[in-house]
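Nothing fancy with the numbering, it's 1 onward along the sequence.
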Amino acid sequence: MDTKVVGVKTDLDATREDLKMARSEMGTLIARTMTKSTSSAASANATTLNSPIAGKNKPQKVGNVTVVLKGVNEKRNQFSRCRDHRGQAIRKENRA
(Lines give C-alpha, C1' and ligand atoms only; values in the text may rest on other atoms or scores of the structure.)
Protein backbone atom coordinates (compact mmCIF):
# COMPACT_ATOMS: atom_id res chain seq x y z
CA MET A 1 0.00 0.00 0.00
CA ASP A 2 2.91 2.33 0.65
CA THR A 3 4.05 2.04 -2.99
CA LYS A 4 0.63 3.23 -4.22
CA VAL A 5 0.90 6.35 -2.05
CA VAL A 6 4.41 7.04 -3.33
CA GLY A 7 3.20 6.60 -6.95
CA VAL A 8 0.32 9.01 -6.42
CA LYS A 9 2.66 11.51 -4.74
CA THR A 10 5.05 11.42 -7.74
CA ASP A 11 2.15 11.90 -10.15
CA LEU A 12 0.90 14.82 -8.07
CA ASP A 13 4.36 16.45 -8.03
CA ALA A 14 4.67 16.03 -11.81
CA THR A 15 1.24 17.62 -12.30
CA ARG A 16 2.22 20.55 -10.07
CA GLU A 17 5.36 21.14 -12.12
CA ASP A 18 3.34 21.00 -15.35
CA LEU A 19 0.91 23.57 -13.95
CA LYS A 20 3.76 25.88 -12.93
CA MET A 21 5.20 25.71 -16.44
CA ALA A 22 1.78 26.32 -17.99
CA ARG A 23 1.25 29.39 -15.76
CA SER A 24 4.65 30.75 -16.73
CA GLU A 25 3.99 30.24 -20.45
CA MET A 26 0.53 31.79 -20.13
CA GLY A 27 1.99 34.84 -18.41
CA THR A 28 4.53 35.23 -21.19
CA LEU A 29 1.82 34.96 -23.85
CA ILE A 30 -0.37 37.51 -22.06
CA ALA A 31 2.54 39.95 -21.75
CA ARG A 32 3.41 39.51 -25.43
CA THR A 33 -0.22 40.05 -26.47
CA MET A 34 -0.49 43.17 -24.30
CA THR A 35 2.66 44.58 -25.91
CA LYS A 36 1.32 43.93 -29.41
CA SER A 37 -2.10 45.42 -28.65
CA THR A 38 -0.54 48.50 -27.06
CA SER A 39 1.73 49.09 -30.04
CA SER A 40 -1.11 48.56 -32.54
CA ALA A 41 -3.33 50.93 -30.57
CA ALA A 42 -0.58 53.52 -30.63
CA SER A 43 -0.21 53.21 -34.39
CA ALA A 44 -4.00 53.44 -34.83
CA ASN A 45 -4.04 56.63 -32.77
CA ALA A 46 -1.27 58.07 -34.92
CA THR A 47 -3.42 57.75 -38.05
CA THR A 48 -6.58 59.18 -36.47
CA LEU A 49 -7.26 62.84 -37.18
CA ASN A 50 -9.38 64.81 -34.75
CA SER A 51 -10.64 68.04 -36.20
CA PRO A 52 -13.70 70.12 -35.33
CA ILE A 53 -16.66 69.91 -37.70
CA ALA A 54 -17.84 73.18 -39.22
CA GLY A 55 -21.51 72.16 -39.31
CA LYS A 56 -24.15 70.13 -41.10
CA ASN A 57 -23.85 69.91 -44.92
CA LYS A 58 -20.63 71.95 -44.95
CA PRO A 59 -17.81 70.14 -46.76
CA GLN A 60 -14.54 70.05 -44.88
CA LYS A 61 -11.16 69.04 -46.28
CA VAL A 62 -9.22 66.59 -44.08
CA GLY A 63 -5.95 65.65 -45.74
CA ASN A 64 -6.81 64.55 -49.28
CA VAL A 65 -10.38 63.59 -48.33
CA THR A 66 -13.50 65.76 -48.17
CA VAL A 67 -15.90 64.96 -45.31
CA VAL A 68 -19.48 66.21 -44.99
CA LEU A 69 -21.64 65.80 -41.89
CA LYS A 70 -25.07 64.77 -43.18
CA GLY A 71 -27.05 64.36 -39.97
CA VAL A 72 -26.91 63.89 -36.20
CA ASN A 73 -29.18 61.90 -33.88
CA GLU A 74 -28.33 63.18 -30.40
CA LYS A 75 -30.87 60.91 -28.74
CA ARG A 76 -29.07 57.78 -29.97
CA ASN A 77 -25.56 59.32 -30.14
CA GLN A 78 -25.31 58.60 -33.87
CA PHE A 79 -24.24 60.54 -36.93
CA SER A 80 -24.25 60.19 -40.72
CA ARG A 81 -21.43 61.39 -42.93
CA CYS A 82 -20.33 61.37 -46.53
CA ARG A 83 -16.69 60.99 -47.51
CA ASP A 84 -15.40 61.96 -50.94
CA HIS A 85 -12.04 60.61 -52.01
CA ARG A 86 -10.82 60.87 -55.60
CA GLY A 87 -14.34 61.55 -56.84
CA GLN A 88 -15.81 58.51 -55.12
CA ALA A 89 -18.46 59.37 -52.52
CA ILE A 90 -18.92 56.92 -49.64
CA ARG A 91 -21.88 57.47 -47.34
CA LYS A 92 -21.90 56.05 -43.79
CA GLU A 93 -25.16 56.30 -41.87
CA ASN A 94 -26.08 55.86 -38.22
CA ARG A 95 -22.53 55.58 -36.93
CA ALA A 96 -21.91 55.54 -33.20
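Residues meeting the salt bridge (charged side-chain N to carboxylate O under 4.0 Å, His left out) test with K20, sequence neighbours left out: E17. R16 pairs by the side chain to side chain contact (heavy atoms under 4.5 Å, CB included) definition with L12, D13, not counting sequence neighbours.
Here the closest heavy-atom approach between residue V68 and residue P59 is recorded as CG2-CA, 3.7 Å.
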